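These numbers were taken from a predicted model, which means no experiment stands behind them.
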Amino acid sequence: MNVGRGHCRNAERETGTEPVAVRCGAPFSPPRDGARGLLVGVCEHGSPDSGTGRQYSMSAAMLSKTLLPRLVAFLLGACMLMGVGFCPFDAAGGQNSGPAVGSNSAGPPVGTAAPVPKNPSNEASAEQPAPDRPPSVYTNALAPRPDHLRTTLELAAIFAVGEGWYYGTLESPKWYWYDDFVDGMRARFVTGDAYCLDVNAWDTNMGHVFAGAGYYLLARSNDLSYEASLLYTFAASAAWEMFGEPREEFSINDTIVTPSSGFAVGEVMYQFGEFFQHSSCTAPNKALGWIFSPGAAIHRWIDGTEPKPPDKVDQFCFTTDAWHRFQVYAGGGSDYSPDKDRSRTEAALGFNMEVVTAEKYGKPGEACLLYKGGTFNEMSLDAALADDGKTPDFRFLARTAFLGYYRQNIVKSEATGTLEGSSLFYGLSTAFEYYTHKFIGYAREDKLAICDLVGPSLISDYYHAGFHMRTLFDLYPTFSMVKPAAGAVYDQTHSLQGVTGIYQEQGYYYALGLSTGGRAEMYYGPFGMEAFIRYHYFSGIEGIDRMQDRVTHDLSFEDQRLWLQLTLSCALPVDHLKLALDAGKIYRWSDIDAFSRNMDETRYFARVVYEF
């Protein structure tokens, strides 16, 4: 679809103070000339209000050359060390030393579920190894009944509604690239001219994230596997691009974003829906089950297959079959820009939700199993509100580890009642990330929509004498939509005549790149500490723009983002409440051809967290 087309950004000029321009080379490609070092450069353009250039030295070189690789190596090494001594995998399908009994805590430091029972591994000798893991972690789950026919009919109904909207609302000829249906099919199957990156508005393309999640949830809620659901999502997206909009281009970016983001967001929502729908039948659980997985709730209501009450629940009426940690928080703090020497006071609120469907995770016992489907699932949302009522910072993440081995060797100490041992998951995961941030002194929002495609993931836990350490590391190739941080000043100082159509009309570009980072959490008694790092690199895609025949200057885009954060926490005297103190740093580097901008902000926040 091409909603929002036709508003040329040549007519838009940003106002306001902008930071100084500097040259930042890309860390994964050689510098374009010998004078430029890695992540450090010399000013090429002054700020609009200064009139002169100036040298701008940052600590980015130290971060990129020393701190960043060391932190990544530490997280990777910690995960690997925790895997030493685990049981070898049974090629027949995995084995389990005992039944997945016991309760899971609501979180490592302040768990609220029922006490964990004694180690079941003492009774393992009397049991036979299970040839395969059960189809569901939930003891009250019914056997899956995949329904491909209903999935196809429901997707066809959605397709028909979309077709009605397309032909019923897009009456103006300006919406069409091709004269008629035959012309559009010729461009797809004969000349190949239809395949390109579209020039749609940002919000229009973000709509494909919701469409993809909807397709995926619909298939998953019909008891289809994640592989089949992903195939249905891809097929629905490709069919719409091929035949649903015959007089439009075949959008390559839509065909990537719809299934990839749909898989990441949809699988997480499906697993959350399963968790709530298999918990006690309370009003909050029913509401959350419908919110996260409405298709499954409707199908079970129609089919009369709603789950029976679970055998074991915690004090919040959540099932103990799967581990969970839910956090909601509110607080406040400030951002500080060292370049502008200005600060901004903000209020913060958000949530973080995790569900782990490995049966023994967080419980005593041994396990060595291959898991397929969302095993480690996380969704988080964080928003900051400024004094003027605007939202200068917004972050969203959905991540699922869907295929890999889970190994565990944990016992419960009879003397202390604490867990001893470790666990490790290594396999594949996928994610979708969305960031908007208004840097102090900038007239334009920094926006990133990142499809973290399939990549390796390591998740490990270590328990000893009441101490718990949890680490996570991941690495992804990415496809992204990026608003370049250098764009606002570049537009004021350069002509946009003949540049890439998507940037000229909408102010962003499509990029390939990578995302990597990790998290280390440590808890002992009421105290906790978390170290977080996230790095993104983006390189613009050239040569396949929708208006490529008009492009005379294919701009070269490169952007980078680094986010560091350290959090200290302490449990409060009130049950399930803790105080968290955050100190963070955001670095942003941006290049458009030889024109550059970089910026950074320091953030300090205090939050009250309710964990359950």
Side-chain angles (χ1 to χ4, degrees), residues 96 98-107 110-118 120 123 127 130 132-147 150 217 220-226 267-328 351 353-365 367 369 371 373-379 575-576 610-612:
N96 209 332
V101 296
S103 173
N104 67 310
S105 70
V110 288
T112 59
V116 178
K118 294 184 179 180
E123 306 172 3
E127 301 179 6
D132 281 298
R133 65 175 295 271
S136 174
V137 68
Y138 303 106
T139 56
N140 57 337
L142 299 177
R145 299 185 301 176
D147 195 332
R150 185 162 65 182
L217 279 171
R220 204 74 163 96
S221 66
N222 278 302
D223 283 345
L224 271 59
S225 66
Y226 81 88
E267 180 65 16
V268 173
M269 293 184 67
Y270 173 76
Q271 294 296 339
F272 286 174
E274 290 294 282
F275 178 84
F276 291 116
Q277 291 176 30
H278 288 88
S279 294
S280 292
C281 188
T282 63
N285 284 339
K286 287 184 69 68
L288 290 169
W290 278 74
I291 289 172
F292 283 106
S293 188
I298 293 172
H299 290 157
R300 285 170 177 152
W301 176 71
I302 293 174
D303 299 339
T305 57
E306 294 177 294
K308 296 179 180 180
D311 294 332
K312 296 180 181 180
V313 297
D314 63 16
Q315 67 187 92
F316 296 99
C317 296
F318 296 144
T319 177
T320 60
D321 292 335
W323 182 91
H324 71 276
R325 178 172 64 177
F326 302 147
Q327 297 175 325
V328 292
F351 67 81
M353 304 176 68
E354 296 178 79
V355 168
V356 180
T357 60
E359 292 97 324
K360 288 182 173 294
Y361 182 79
K363 308 169 187 177
L369 294 165
Y371 278 93
T375 307
F376 287 81
N377 308 280
E378 179 180 5
M379 180 179 288
D575 287 346
H576 313 299
Y610 184 74
E611 185 171 301
F612 58 104

d(M269 CE, F292 CZ) to nearest 0.5 Å is 6.5 Å
Taking Q277 for the side chain and S293 for the main chain, is one N or O donor matched with an acceptor at less than 3.5 Å?
yes
Determine, stepwise, if the pair F326 / F318 fulfils ring pair (Phe, Tyr, Trp, His ring centres under 6.0 Å).
CA-CA 11 Å; F326 302 147; F318 296 144; 5.6 Å; yes
Sort and list the pairs that fulfil side-chain hydrogen bond (donor to acceptor under 3.5 Å, both in side chains) and have at least one residue in residues 280-291, not counting sequence neighbours.
T282-N285
OG1 (T305) and CZ (R145) are apart, to the nearest 0.5 Å, by 6.0 Å
Could you check whether any side-chain N or O of H278 sits under 3.5 Å from a backbone N or O of Y138, counting only pairs where one atom can act as donor and the other as acceptor?
no
Less than 4.5 Å apart, side chain to side chain, heavy atoms only: is that true for E274 and V355?
no
Taken to the nearest 0.5 Å, the spacing of N140 CG from D311 CG works out to 7.5 Å
Are Y361 and F376 side-chain neighbours, meaning at least one heavy-atom pair lies under 4.5 Å?
yes
Can you find a heavy atom in the side chain of M353 that is under 4.5 Å from one in the side chain of F275?
no
Would you say E359 and L369 make side-chain contact, with heavy atoms under 4.5 Å?
yes
R325/E354 ion pair, N-O < 4.0 Å
yes
Would a 4.5 Å heavy-atom cut-off, applied to side chains only, mark F351 and M379 as touching?
yes
Give me the atom names and distance for the closest heavy-atom approach of G295 to S221.
C-CB, 3.4 Å
Taken to the nearest 0.5 Å, the spacing of D147 CG from D303 CG works out to 8.0 Å
Can you check whether D314 reaches H324 side chain to side chain, under 4.5 Å on heavy atoms?
yes
Keeping N377 on the side-chain end and V268 on the backbone end, is there a donor-acceptor pair under 3.5 Å?
no
I'd like to know if the side chain of N222 and the backbone of L224 have a donor-acceptor N/O pair within less than 3.5 Å.
no
Donor-acceptor pair, distance only, cut-off 3.5 Å: does the side chain of T375 make one with the backbone of G373?
yes
With no hydrogens and no angle check, is any side-chain donor or acceptor of D321 less than 3.5 Å from a backbone partner on T139?
yes
